[in-house]
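Within every chain, numbering begins at 1; the chains are lettered A, B, ... in the order of the sequence lines, protein sequences first and strands thereafter. Atoms considered below: every heavy atom in the structure, side chains included; atoms not considered: hydrogens, waters and symmetry mates.
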Protein chains: 2
Amino acid sequence: MKPPSARSRRHPFDAEQLLREAGLKATSPRIALLRALHAAARPLSAAALHASVGGDADVVTLYRNLEVFAAQGLARRIEGREGHALYECVDDTHTHHHHVTCTVCGRMEDVELCVPPRVLEEVSKKARFAEIQDHVIELYGICAACQASLTKIRP
Amino acid sequence: MKPPSARSRRHPFDAEQLLREAGLKATSPRIALLRALHAAARPLSAAALHASVGGDADVVTLYRNLEVFAAQGLARRIEGREGHALYECVDDTHTHHHHVTCTVCGRMEDVELCVPPRVLEEVSKKARFAEIQDHVIELYGICAACQASLTKIRP
DNA sequence: TTGACAAATGCAAGTTATTTGCGTTTACTA
DNA sequence: TAGTAAACGCAAATAACTTGCATTTGTCAA
């Protein structure tokens with residue numbers, strides 16, 4: 001039914017090497033975490049990641065590493081709507097993008113829309129910002145599946 | 001030095017009436033909170049709002065009311081980057097907009113950019129969403145003032 | 001290979017932001 | 001102006017992280 005995942009890989013994913021390239025020690029909690037992030041189809045919470053790496057890392061280590069990964073550009077932190085952060089992998093197969101989230105079931109999809117560079121320039125001029133370094137766009141709506149089940153209940 | 005605030009008002013701001021129009025009891029904690037939100041130039045944290053209303057509301061009441069206000073469309077909750085939520089007023093003088101935040105000093109400015117309707121349509125089609133109800137755009141950068149002081153230290 | 005050493009880890013114990021339970025008070029309505 | 005549901009405030013609980021510190025572990029140079 002589904003098309004093959006965009007995450008299918010030609011080369012095996014080498015977490016250890018990625019870590020060393022980023023100047024980080026390749027410890028087993030880090031390897032497990034990076035693999036979990038890479039394998040995830042969508043941004044995950046710290047709790048979900050902890051469950052996913054199983055006994056391979058203490059929660060504290062996990063938080064510390066998520067911070068390190070974000071600083072090194074291996075992962076990206078996004079603020080979910082439920083008051084906790086979500087993390088996603090940043091690599092060749094996961095380039096800059098944004099999200100749509102279903103407000104009913106919480107499912108997230110990547111979307112390609114982005115802020116055009118000239119708009120960023122305009123904003124930085126108007127708001128007197130020397131530089132715009134980063135941005136986040138989050139869309140919220142109701143996915144087709146949830147809409148369908150809502151309609152059943154209350155047409 | 002500064003141009004007159006966009007928040008200058010022709011009519012006095014009637015918190016009680018706004019509350020009743022929203023179907024809410026006009027209690028003094030609510031009136032104080034709504035006034036504080038209305039008077040704020042930028043989104044405020046729950047802590048800042050609590051400080052701002054002084055003894056006029058317990059923190060718990062404040063949280064409960066922020067939730068109620070958000071549900072009634074009197075206020076909007078946005079997820080700050082520091083792990084706590086920020087709240088801002090929604091009224092005639094505070095219509096739909098987004099923010100740029102200085103990553104050095106934390107100052108926020110409103111910006112006018114938005115996602116064009118046809119992009120939303122396109123996204124909802126591609127991502128199989130029945131409807132896109134809401135969206136958030138947050139820009140991050142360095143404001144002119146912070147850039148200036150950074151340059152002084154490390155040109 | 002080894003062995004020194006900084007970096008990274010894991011517990012335990014904090015913090016901070018926000019929520020829940022519950023008895024009391026208060027604004028609205030008849 | 002009395003009755004009542006809604007809103008309040010206090011205390012205590014929870015969730016999401018963070019910090020301190022003693023212990024372990026990759027790395028790198030010998």
Side-chain angles (χ1 to χ4, degrees), chain A residues 14-37 43-72 74-88 106, chain B residues 14-37 43-72 74-88 106:
Chain A
D14 190 343
E16 298 196 29
Q17 178 164 337
L18 280 171
L19 287 167
R20 292 207 194 87
E21 278 170 9
L24 301 173
K25 277 195 186 177
T27 64
S28 78
R30 282 184 180 163
I31 295 165
L33 175 57
L34 195 48
R35 287 207 183 117
L37 283 167
L44 296 179
S45 65
L49 284 164
H50 188 224
S52 163
V53 300
D56 283 341
D58 188 84
V59 214
V60 176
T61 302
L62 198 127
Y63 275 111
R64 286 199 267 237
N65 282 328
L66 286 169
E67 202 183 325
V68 171
F69 286 10
Q72 298 309 313
L74 289 171
R76 193 161 79 112
R77 174 192 169 121
I78 63 189
E79 306 298 330
R81 261 198 171 176
E82 303 82 28
H84 57 250
L86 300 175
Y87 300 86
E88 68 185 348
Chain B
D14 189 342
E16 298 196 29
Q17 178 165 337
L18 281 171
L19 287 167
R20 290 205 194 88
E21 278 170 9
L24 301 171
K25 277 194 186 178
T27 64
S28 77
R30 282 185 179 162
I31 295 164
L33 175 57
L34 194 48
R35 286 207 182 118
L37 283 166
L44 297 178
S45 65
L49 284 164
H50 188 224
S52 164
V53 301
D56 283 341
D58 186 83
V59 215
V60 176
T61 302
L62 198 128
Y63 276 109
R64 285 198 267 237
N65 281 330
L66 285 170
E67 200 183 326
V68 171
F69 286 10
Q72 298 310 314
L74 289 171
R76 193 162 79 111
R77 174 192 170 124
I78 63 189
E79 305 298 329
R81 262 198 171 178
E82 304 82 30
H84 56 250
L86 301 174
Y87 301 84
E88 69 185 347

| query | Which residue pairs pass the side-chain hydrogen bond (donor to acceptor under 3.5 Å, both in side chains) test with at least one member in residues 51-68 of chain B, sequence neighbours excluded? | reply | B:R30-B:N65
| Does B:Y63 put a side-chain nitrogen or oxygen below 4.0 Å from OP1 or OP2 of C:dT19? | no
What protein N or O atoms touch nucleotides 19-21 of chain D N or O atoms at under 3.5 angstrom, if any, and at what distances?
| unit_1 | atom_1 | unit_2 | atom_2 | d |
| --- | --- | --- | --- | --- |
| D:dG20 | O6 | A:R64 | NH1 | 3.4 |

| task | Over all heavy atoms of both residues, which pair between B:A15 and B:L34 is shortest? Give the atoms and the distance, please. | result | O-CD2, 3.9 Å
| request: Report which part of the nucleic acid B:A85 touches: base, sugar-phosphate, or nothing (heavy-atom distance under 4.0 Å, all strands). | output: sugar-phosphate
| task | Whole angstrom is fine here: how far is it from NE2 in B:H50 over to C1' in C:dA17? | result | 13 Å
| message | Could you report the tightest heavy-atom contact between A:L74 and A:L18, atom names first, then the distance? | response | CD2-O, 4.4 Å
| field | Distance in angstrom units between B:L19 CG and D:dA6 C1', rounded | value | 14 Å
| field | Rounded interatomic separation in angstrom, taking CG from A:D58 and P from C:dA13 | value | 14 Å
| field | Separation of C:dA8 P from A:L24 CG (nearest whole Å) | value | 7 Å
| note | Rounded to whole Å, CD of A:E82 lies from C1' of C:dA17 at a distance of 16 Å
| 5'-most by nearest nucleotide on DNA chain C - A:V68 or B:A47 | A:V68
| request: Apply side chain to side chain donor-acceptor pair (under 3.5 Å) to A:E16 and list each qualifying residue two or more places apart in sequence or on a separate chain. | output: A:R20
| field | Overall bend - the helix from C:dT1-D:dA30 to C:dA30-D:dT1, comparing terminal axes fitted on five pairs, nearest 10 degrees | value | 40°
| field | Nearest-0.5 Å distance that lies between atom NZ in A:K25 and atom CD1 in A:I31 | value | 12.5 Å
| request: Mind calculating the distance between CD (A:Q72) and P (C:dA8) to the nearest angstrom? | output: 10 Å
| remark: For B:A36 and B:V53, the nearest pair of non-hydrogen atoms, with its separation, is CB-CG1, 4.0 Å
| said: Rounded to whole Å, please give me the gap between CD in B:E67 and P in D:dA6. | reply: 16 Å
| Closest non-hydrogen atom pair, B:R77 against A:G83 | NH2-CA, 4.4 Å
| task | Of all the heavy-atom pairs spanning A:L37 and A:Y87, show the shortest one and how long it is. | result | CD2-O, 3.9 Å
| note | Hits for side chain to side chain donor-acceptor pair (under 3.5 Å) against A:E82, two or more places apart or cross-chain, chain-then-number order -> none
| Which atom of B:R81 lies closest to which atom of A:E79, heavy atoms considered | O-OE2, 3.9 Å
| Just how far is it from atom CG of B:L66 to atom NE2 of B:H50, taken to the nearest 0.5 Å? | 11.0 Å
| note | From CG of A:D56 across to P of D:dT25 the rounded distance in Å is 13 Å
Might you list the N or O atoms of the protein lying below 3.5 Å from N or O atoms in nucleotides 23-27 of chain C, with each pair's distance?
| unit_1 | atom_1 | unit_2 | atom_2 | d |
| --- | --- | --- | --- | --- |
| C:dA27 | N3 | B:K25 | NZ | 3.4 |

